[in-house]
Amino acid sequence: MEPDKQYQSLEFLKIDFQECFEQMRHYDRLFWQVTAGIFSLDAAILATVFNLLKSKYFPTSVLGLVVLGGFIIGIIALWFLLKNRIYYVKVARFVNEVRKQYLENRPLGVENRAGLYTNPEYPKYSNLASSRLTSVYIMIIINSFYAFVGLLFLTENFAIALLSFVFLLIIQVILTICFLRSKERI
């Protein structure tokens, strides 16, 4: 490759690498802001429902609809966080790929003794040890709880509400795992 084109390529790669780090920070920041917002909204919804239950001025059907509204918001947030995970992993894998290529040349004798990630197949989309995915699974439990409470208020049937909780919990977990694992095959 011509020296001028090689220099341009290296400059492009340097800028792209820096931008990828900024993009990773953006996805990370966005994930945690949305997660904190949703958990705060969860606390507000539950506090509102418990306070309205004490006042006895609202029919339980209205409270059920409020809680089911939380369920719907939770499902939308879940989808957003899963998409965010996909974007984050793609960028992180590219950073690892570039770092691997760079460190294989042992620039200035750097050996990567610190163990920075260099495997472009990581992070995994569905890494169960990930704090992000732990938050996602907590959100799934809360979503299912909302469905349980909402249906309990609406139907006043514990068995139906409990079955719905279990069903929605299993469905959300299965769909989440399948969605994330399907991205590994792409």
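The figures that follow rest on heavy atoms only: side chains count, while hydrogens, waters and symmetry mates do not. These numbers were taken from a predicted model, which means no experiment stands behind them.
- Comment: R181 does not engage E184 in a salt bridge, judged by the lack of any side-chain N to carboxylate O separation of less than 4.0 angstrom.
- Residues N127 and Y122 bring no donor and acceptor atom of their side chains to less than 3.5 Å of each other.
- Put simply, the side chain of D28 never gets that close to the backbone of M24: no donor and acceptor are under 3.5 Å apart.
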Chi angles and distances behind the side-chain contact (heavy atoms from CB on, under 4.5 Å) call for R93, K90:
CA-CA 5 Å; R93 286 179 172 190; K90 284 184 180 186; 6.0 Å; no
Quick one, I38 with F80, criterion side-chain contact (heavy atoms from CB on, under 4.5 Å). Give me CA distance, side-chain angles, the key distance, then yes/no.
CA-CA 11 Å; I38 290 299; F80 175 83; over 6 Å; no
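- Considering only residues two or more places apart in sequence or on other chains, F148 meets the ring pair (Phe, Tyr, Trp, His ring centres under 6.0 Å) condition with F158.
- The heavy-atom pair separating L151 from L68 by the smallest distance is N-CD2, 4.5 Å.
- Side chain of E19 to main chain of I15: no donor-acceptor pair is present (N/O by atom type, distance under 3.5 Å, no hydrogens or angles).
- Note that the OH atom of Y137 and the CD1 atom of I142 stand 15.0 Å from one another [nearest 0.5 Å].
- Note: the hydrophobic cluster containing Y117 does not contain I86 (ILVMFWY, side chain heavy atoms under 4.5 Å, direct or indirect links).
- For F21 and F17, the distance between ring centers is under 6.0 angstrom.
- Taking CG of N143 as the start and CD of Q172 as the end, the distance is 4.5 Å to the nearest 0.5 Å.
- Looking at S135, its side chain does come within 3.5 Å of a backbone N or O of S131 through a donor-acceptor pair.
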